[in-house]
Amino acid sequence: MARFIDELRRTHYCGDLRAADAGREVVLYGWVARRRDLGGLIFFDLRDRDGITQVVFDPGFSPEGDIQRLVGQDDEVWPEDRVKAAYSLAEQVRREWVVGVRGVVRHRGSNVKKDLATGEIEVMVSELEVFNQAETPAIPLDDEIDSDEETRLRFRYLDLRRAPLQKTLRLRHKLNQATRNYLSNAGALELETPIICKYTPGGARNFLVPSRLSPGKFYALAESPQLFKQLFMVSGFDKYFQIVKCFRDEDLRLDRQPEFTQIDIEMSFINQDDVFRLLEGLMFTLFEATGAADLKALYPDGTFPRMSFHESERRFGNDKPDLRFGLELSELTDLAIEHDGGGIPLMKAIVDKFADGTYRKEVPEEIIKAFVIPADAKLSRKQVEDLEKGLKEIKGFPGLGRAKVGDDGSWSQSPFAKVVTDDFRVALNAHVGAKAGDVICISMGKPAIVNAALSKLRLEVGKRMELIPQFGHGGEWKFLWVVNPPLFEEDGEGGFVAAHHAFTRPIDDHIELVESDPARVLCYRYDLVLNGVELGGGSIRLHDPDVQQKVFRVLGIEDDKAKELFGFLLDALRSGAPPHGGIAIGMDRLAMLLSGAPTLRDVIPFPKTNQGIDLMSGAPDRVEPSQLGEVFITTTVEDAPDA
RNA sequence: GGGGUAGUAGUUAAGUUGGUUAUAACGCCGGCCUGUCACGCCGGAGGCCGCGGGUUCGAGUCCCGUCUACCCCGCCA
């Protein structure tokens with residue numbers, strides 16, 4: 001029977017002990033974070049998931065006063081031979097070795113270390129066991145390290161020992177638990193849905209899984225439980241939730257991983273407001289459970305503000321505005337029309353198309369907008385040009401038309417300075433609120449490009465001016481519901497595609513427009529945005545077969561085709577579907593925002609790189625030709641194993 | 001698919017107009033040290049300069065290619 005673990009049970013974690021524990025005999029297990037050998041006196045910083053305790057090996061020490069003994073241990077408190085053995089073993093120990101210690105807690109007296117939770121005490125060791133030795137770690141295990149992320153990911157099991165990652169994963173634990181409690185209390189049932197399922201086209205690209213039992217056929221990994229949760233509603237489960245892994249075979253980003261976790265929710269007999277109320281309550285609960293912020297103080301009436309999709313696009317250039325700072329965009333199309341282009345040829349060309357009816361104001365094909373870089377930003381001309389260069393990443397972006405505003409409202413450093421009419425210049429300055437020293441940045445063209453460029457510029461300038469930090473919340477939490485986006489998007493060839501998915505309900509007043517003017521149809525779709533990050537989104541679903549058919553017709557999906565694509569869902573919706581809707585929240589993104597982490601990789605235990613590779617395990621990897629044969633696969637890659 | 005940045009001891013970095021044996025800090029190993037806590041002091045080991053090719057008397061440095069990671073666009077809720 002082993003002495004430690006079997007006989008000497010752990011009494012505390014390494015973050016537990018305080019001054020009040022002085023005189024207590026304890027047993028701690030953990031990793032040696034640091035060792036300080038003074039020659040005749042040895043200190044370990046012993047670390048486990050809860051913290052660090054200094055343990056001391058001092059052969060000359062003997063405890064005084066009453067000792068509160070370990071339960072079931074009545075041997076001698078300080079046997080000399082055992083203490084000496086512990087000391088000489090401690091001389092051999094190196095960092096990251098895994099050890100158990102038995103000893104007596106002592107107050108540190110004048111040696112208190114203030115920046116350590118357990119800094120008032122130390123454990124004088126009477127008995128030491130080495131459970132395991134360890135190779136020298138490849139990366140330093142300090143809280144703050146600047147090791148390359150590639151190396152950290154390769155040795156993820158070491159990286160995860162560090163306090164910051166321990167902390168964020170514990171945060172995820174709290175999020176999971178609090179989410180389950182809240183949603184269960186709200187009457188939602190936690191039900192599971194398949195991960196390997198039928199491939200359905202549209203939306204994100206699926207990971208494919210070859211079938212061994214059905215030669216030549218494939219499963220897809222679920223990109224979301226969307227269809228299944230709707231079927232739960234059809235089946236009468238009324239309220240459902242799941243904390244579920246989803247899979248998308250798309251390119252990665254800071255805030256995108258190929259597998260990720262979402263809080264998935266669906267409810268019957270509800271409207272948009274019901275979803276909002278449930279989610280607002282969930283956010284309040286999660287923020288309280290994690291101690292992130294007191295949302296009650298920030299949103300006293302318990303609700304988050306709402307903004308229409310169009311308003312968000314107009315004021316901020318995207319559908320996920322960061323409301324922690326102002327610097328809104330200005331719409332100039334109407335002003336340019338009033339001034340017939342104001343002497344600027346590029347604008348005149350656009351204005352003319354509105355005049356002759358080529359473009360419609362409701363759904364314009366080109367727009368003119370401006371963003372003002374305030375004089376306060378104190379950006380040099382070079383810095384402004386660098387910012388503009390950064391925007392060139394946006395495909396099709398033609399560049400900005402800039403104008404620096406003088407004391408008298410004149411424009412300089414501008415391609416428009418010589419041609420603009422005085423009337424238009426004065427009106428424009430007033431319209432965008434430009435003051436001396438400001439730089440007006442004008443963009444015109446396709447709305448998607450104009451908005452992409454100016455919204456990116458707004459964020460960049462916001463960061464330069466330190467209105468928001470480079471990453472993290474900076475102590476501010478700005479929630480927003482972005483609601484009622486268009487149901488359809490033009491596909492550029494005269495037709496339409498679903499802006500999100502084909503099962504979103506048009507807003508009641510727009511049902512007639514589905515057939516007459518699809519471009520103007522808005523729908524019951526909503527995104528929850530926090531600090532400029534899309535936390536999640538959902539919709540009220542389309543459960544009416546007649547409207548559904550009209551939507552399919554707009555999308556150019558014939559009845560036969562619809563059956564082929566969505567067969568079982570359509571059948572199900574015709575079999576007694578209640579009005580229903582739901583939402584999905586990105587758990588990883590939420591954890592990222594709450595922890596202030598710069599990337600999703602910091603809140604996922606074993607993340608993939610930008611190329612979708614697990615640097616630690618080496619996934620994905622080749623497999624034996626025989627394995628491919630079993631699933632009836634050959635590859636077309638030249639140096640593949642079966643080539 | 002496209003654009004950008006980077007790659008030099010275990011780690012993080014320096015390395016000048018191409019020029020002797022490629023530096024430093026931390027870490028590691030050995031020695032000394034009884035109140036340290038980023039312990040201190042003394043000594044030591046450790047390098048395919050990402051990889052391949054080229055220019056050159058000579059390449060960490062210049063050129064071409066390639067690989068890997070990161071950031072962005074496209075794509076993606």
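In this text the structure is predicted, and so the values were computed from the model without any measurement. Chain identifiers are assigned alphabetically (A, B, ...) following the order of the sequence lines, protein sequences preceding nucleic acid strands; residue numbering begins at 1 within each chain.
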Step-by-step side chain to side chain donor-acceptor pair (under 3.5 Å) determination, A/D58 to A/Y87:
CA-CA 7 Å; A/D58 182 355; A/Y87 179 82; over 6 Å; no
Extract from the structure each pairing of a protein N or O with an N or O of nucleotides 7-10 of chain B at less than 3.5 Å, listing the distance.
| unit_1 | atom_1 | unit_2 | atom_2 | d |
| --- | --- | --- | --- | --- |
| B/rG10 | O2' | A/A138 | O | 3.0 |

Rounding to an integer number of angstrom, what distance separates [N] and [M] when you compare their [atom1] atoms?
{"N": "B/rU21", "M": "B/rA25", "atom1": "P", "result": "23 Å"}
{"N": "B/rA24", "M": "B/rG47", "atom1": "P", "result": "15 Å"}
{"N": "B/rA69", "M": "B/rG46", "atom1": "P", "result": "31 Å"}

Do any side-chain nitrogens or oxygens of A/R94 fall under 4.0 Å of OP1 or OP2 in B/rG27?
no
Identify the stems formed by RNA chain B, where each pair is Watson-Crick or G-U wobble with both distances under 3.5 angstrom and a stem is at least 3 consecutive pairs.
B:1-7 with B:67-73, B:10-13 with B:23-26, B:28-32 with B:40-44, B:50-54 with B:62-66
Ignoring hydrogens and geometry, is there a side-chain-to-backbone donor-acceptor pair from A/K229 to A/I265 under 3.5 Å?
yes
Does any pair with a residue in residues 602-612 of chain A pass salt bridge (charged side-chain N to carboxylate O under 4.0 Å, His left out), and if so which ones, sequence neighbours excluded?
A/R152-A/D602, A/E259-A/K608
B/S/- along nucleotides 33-42 of chain B (protein heavy atoms under 4.0 Å) is BBBBBSB---
What residues 249-263 of chain A contributes to the RNA chain B interface at heavy-atom separation below 4.0 Å is A/E250, A/D251, A/R253, A/L254, A/R256
Which residues in residues 580-600 of chain A have at least one heavy atom lying under 4.0 Å from any atom of RNA chain B?
none
A/D614 has an atom CG; how far is it from atom P of B/rA69, in whole Å?
12 Å
Please work out whether the ring planes of A/W481 and A/F304 are parallel, tilted or perpendicular, with thresholds of 30° and 60°.
tilted
For A/R152, report the nucleic acid contact type (base, sugar-phosphate, nothing); a contact means any heavy atom under 4.0 Å.
nothing
Is the closest side-chain heavy-atom distance between A/V244 and A/C246 below 4.5 Å?
yes
Salt bridge (charged side-chain N to carboxylate O under 4.0 Å, His left out) partner of A/D142, the single match among A/R162, A/R47, A/R34:
A/R34
